[in-house]
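What follows is a set of notes on a single structure, which appears directly below.
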Amino acid sequence: MMHIPSLKYKTKKQPIAELKEASVYRIPLQSYRSTLLPLVKIGDQILQYQVLAEDVEHQFAAKIHSPVSGKVIAIDEHYISLENDFQQQKITTEIIEFQQLDLERFVQVLKDFGIAGIGGAEFPTNIKYKVEGSEIKSLLINGIECEPYLTSDYAVMRHETEKLLKTIAVLNQIFQPEEIVIGIEKQHKELKKHFEKSFKNYPNLAIRIHLLTNEYPQGGELQFIKSVTHKEIPKGSIPANFGYLVSNVGTILAIYEALFNGIPTTERVITISGNAVNSIGNYRVKIGTPIRHILEELNIDAEDVDIVLGGPMMGKEVADLDSPIKKGSGGLLLFKKQQKSIENCIECGYCVDVCPQHLMPMQFVKGHQEDQNLLSQFNLDHCIECGACEYICPSNLPLMQSIVLGKVELQKMRYAK
Amino acid sequence: MQNSRFSPFVSSKNSISKVMLDVIIALLSLCAFAFYTYRIWFLIVLGSALGGAILTEILFSGIFLKKWKGILDGSAIITVLLLVFTTSPLTPWYVAAFGGSCAVLFGKILWGGVGKNKFNPALVGREFMTVFFPLVMSSGDIWSTKRIRYVYEVEWFNFIPNAHWAEFLNELFFVPTGALGEYSAVCLLLGGIYLIFRRRISWHIPVFLLVSFLSFLWIFEDQNLNYSLGGILLGAIFMATDMPSSPSSPTGKSYYGLMIGLVAGLCIQFGAGFEYMSYSILILNGFSTKINQVFMPRTWGTKIDWPKKTEEVFLLTLSILTVTFAVLSLHYYGYIPYLIYVYIIYIIFKFNFSFSKKLHQPI
Ligand code: SF4
Ligand code: SF4
């Protein structure tokens with residue numbers, strides 16, 4: 001692990017601002033390892049918060065809902081396009097009696113209200129919380145946003161403290177953990193006092209704040225669990241089996257909206273920042289808002305810049321300005337284009353030093369290039385694609401390219417066998 | 001796929017030249033001491049080696065392979081400095097130029113450029129000098145440098161009342177004997193600390209190397225063992241830590257350091273003369289890839305299969321010792337030149353049929 005200049009000061013002090021509604025929304029159908037099936041047809045009139053698509057096949061991923069009322073104007077394999085009628089006609093949602101919520105009902109609520117891990121991968125929260133049989137020792141609230149630039153989680157912790165704690169109290173009642181820990185980076189230690197002031201209102205909660213170092217990638221689930229509990233959990237295993245339940249603060253806020261206001265996940269807080277923009281800050285944005293709309297609203301000139309959805313370390317480049325904000329997008333970043341010249345690997349071992357999974361990343365470049373056996377020999381499967389290795393590499397080796405494509409090759413090799 | 005570029009979108013400000021620059025900075029004080037002691041003699045050796053190296057770079061990397069980019073990255077300068085630091089100030093200029101040129105050509109370019117070499121280029125250059133100019137290099141004359149010395153000793157600490165301490169400190173800072181880089185133990189150490197501080201080397205290799213070498217000497221207490229503190233420090237801090245030819249994981253580095261110390265001790269014990277550091281480092285260079293495999297870091301969340309690991313380490317150690325004794329026998333019978341001839345043929349073949357096709361691959 002290593003230290004990266006976080007550049008969060010740029011947006012940290014900003015309140016959560018609102019953005020004007022767009023006239024068209026594009027609702028993403030891609031979900032965690034599955035594609036949702038549309039429940040509506042072109043031309044349908046729809047209400048705000050109505051279910052648009054669900055995972056019919058696996059009954060696995062969270063549903064997705066309409067952020068506005070209006071009409072369905074197009075459906076393709078990736079998106080449902082909606083035309084906003086600006087009437088805000090809401091569907092009536094049921095009121096949840098969260099005082100008597102049991103686990104089974106709670107998990108159903110999570111799924112029905114479209115709640116997914118907000119930290120990037122959009123892992124369905126209902127699956128994560130399905131913990132029948134395993135005793136939950138600790139409920140861990142992940143407030144570590146280790147990606148540079150991003151401050152959306154910070155903004156949520158700062159400005160929505162009450163909502164977070166109310167939700168945590170409900171989770172406490174359902175899971176009955178021995179303790180609840182909120183993890184925060186040292187660079188945000190002012191939040192500790194801020195939280196502790198509110199803790200007084202919840203005398204029944206065994207809750208505490210845990211300050212963690214500012215290293216990258218501390219916020220990854222496995223790294224987070226290790227930093228707080230000293231327990232090293234192998235990649236691919238389910239934390240609940242070890243007694244840990246980890247949720248991101250953004251996800252907790254989404255659960256709040258569902259439980260207390262009956263509102264499904266249709267919006268989230270994102271950070272707009274980067275070295276190529278001035279009008280930056282934290283914004284509450286509806287899921288499905290086209291990136292073009294955001295740029296226009298904020299008068300951002302997107303000529304000749306790299307646009308990134310997510311964080312600078314693990315985010316994805318935006319090729320199409322009409323593509324939308326998704327549940328897992330924590331930021332919209334604009335960077336000046338930069339040319340990286342690739343030099344020879346000098347075997348400096350920096351990539352080995354920083355890899356949180358203790359791998360030898362340079363071997364994957366060699367593996368992808370010529371000897372695929374190296375990929376499995378050096379445990380490529382265990383890579384969490386955090387990008388730390390490529391960040392530190394003095395020769396700018398295409399490590400992530402080799403890793404991503406290498407994983408595909410590995411899959412193919414396994415199928416062939 | 002929609003994404004045309006892969007994450008991450010930010011990167012550290014590291015670059016090869018920055019790494020190289022730090023190493024050069026660490027070597028500067030040694031240059032100063034070499035100049036202080038031998039002035040023009042040092043400049044002649046350094047100048048001709050540098051000239052040979054740069055000419056070779058321009059001729060082969062530039063004109064022949066059309067890879068101009070890497071010539072100025074500073075790696076050739078480091079190679080030459082390290083090479084010069086292992087030679088006598090009386091080395092004839094043409095031998096130095098030959099050494100510099102061979103170090104760059106057979107130590108780096110033919111492997112496919114910076115970073116791809118399996119052996120430390122400076123030491124490769126040095127072996128070429130020894131093999132192709134045996135009369136010059138192994139004559140006793142070359143080390144009788146007294147008559148050309150400008151400075152014989154320093155008296156910087158004579159203000160200290162205790163004469164023993166004063167002498168000890170003086171010698172720690174300056175001893176004018178041996179090769180050009182060995183005169184100041186303190187500067188060698190400071191250079192090492194600077195590199196560790198700047199994270200250009202990690203402490204594992206030098207520390208384990210020194211520990212194992214010194215314990216070897218301590219166990220086989222033998223007054224006739226002939227070694228120089230400066231030489232050992234130069235090897236431990238600057239030669240053995242050459243990035244491409246040493247392993248990359250912390251445990252691998254520790255083992256590598258330990259084994260160099262041990263092999264160096266054996267080399268002294270069994271009469272390898274002045275070559276003990278070169279031999280031990282070059283032998284371990286050859287095992288670096290294997291060490292990387294055996295001492296791969298323990299992947300997050302996995303367990304180490306100890307019996308298997310122990311067996312692997314045992315076999316690895318066994319093969320290193322076998323190679324050591326083979327080299328020592330060759331040395332004893334004077335067959336080392338043939339080893340170098342084989343190396344030349346091997347590397348030219350490899351270059352022709354494999355490395356030259358991968359010049360533009362980064363690894
Ligand atoms: S950081 Fe880059 S140059 Fe260094 S060993 Fe890793 S891949 Fe090679
Ligand atoms: S190899 Fe994977 S886990 Fe390790 S630093 Fe690189 S991206 Fe992160």
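Residue numbers start from 1 in every chain, and the chains themselves are labelled A, B, ... in the order their sequence lines are given, proteins ahead of strands.
Using a distance-only test at 3.5 Å, with no hydrogens or angles considered, a donor-acceptor pair links the side chain of Q369(A) to the main chain of I363(B). Between the side chain of N344(A) and the main chain of V114(B), a donor-acceptor pair closer than 3.5 Å is present.
Scanning residues 247-259 of chain B against chain A with a 4.5 Å non-hydrogen threshold yields S248(B), S249(B), sorted by number. Of all residues in residues 349-361 of chain A, those placing a non-hydrogen atom less than 4.5 angstrom from a non-hydrogen atom of chain B are G349(A), Y350(A), V352(A), P356(A), Q357(A), H358(A), L359(A), M360(A). Close approach to chain B, defined as a heavy atom under 4.5 Å from one of its heavy atoms, is seen in D306(A), V308(A), P312(A), M313(A) of residues 302-313 of chain A, taken by number.
Applying the 6.0 Å contact sphere to CD of Q30(A) captures more than 12 heavy atoms from other residues, nucleotides or ligands. Counting non-hydrogen atoms of neighbouring residues, nucleotides and ligands closer than 6.0 angstrom, the CD1 atom of I238(A) reaches no more than 12 such neighbours.
Looking at residues two or more places apart in sequence or on another chain, you find a side chain to side chain contact (heavy atoms under 4.5 Å, CB included) between R198(B) and D22(B), Y194(B), R200(B).
Heavy atoms of N292(B) lying under 4.5 Å from chain A belong to its backbone as well as its side chain. If you measure heavy-atom distances from K358(B) to chain A, the contacts under 4.5 Å come from the side chain alone.
With rounding to the nearest 0.5 Å, the separation of CZ in R199(B) from CE in M2(A) is 10.5 Å. Interatomic distance, CG of N14(B) versus OG of S395(A), reported as 9.0 Å (0.5 Å rounding). Separation of atoms SG (C393(A)) and CD1 (I16(B)) is listed at 8.0 Å; rounding is to 0.5 Å. Taken from CD1 in I403(A) to CZ in F6(B), the straight-line distance is 10.5 Å, to the nearest 0.5 Å. Considering OG of S15(B) and NZ of K340(A), their distance stands at 13.5 Å, rounded to 0.5 Å.
In terms of heavy-atom pairs under 4.5 angstrom with chain A, the leader among M243(B), K18(B), H360(B) is M243(B).
Minimum heavy-atom separation, F9(B) to Q338(A): O-NE2, 3.5 Å. Counting all heavy atoms, side chain and backbone alike, I233(A) lies closest to W300(B) at O-NE1, 2.8 Å.
The closest side-chain heavy-atom distance from E370(A) to Q361(B) is below 4.5 Å.
A salt bridge links R298(B) with E232(A); the closest basic N to acidic carboxylate O contact falls under 4.0 Å.
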Fill in: Working for side-chain contact (heavy atoms from CB on, under 4.5 Å), residues Q377(A) and Q293(B)
CA-CA 9 Å; Q377(A) 189 191 338; Q293(B) 283 170 11; 3.6 Å; yes
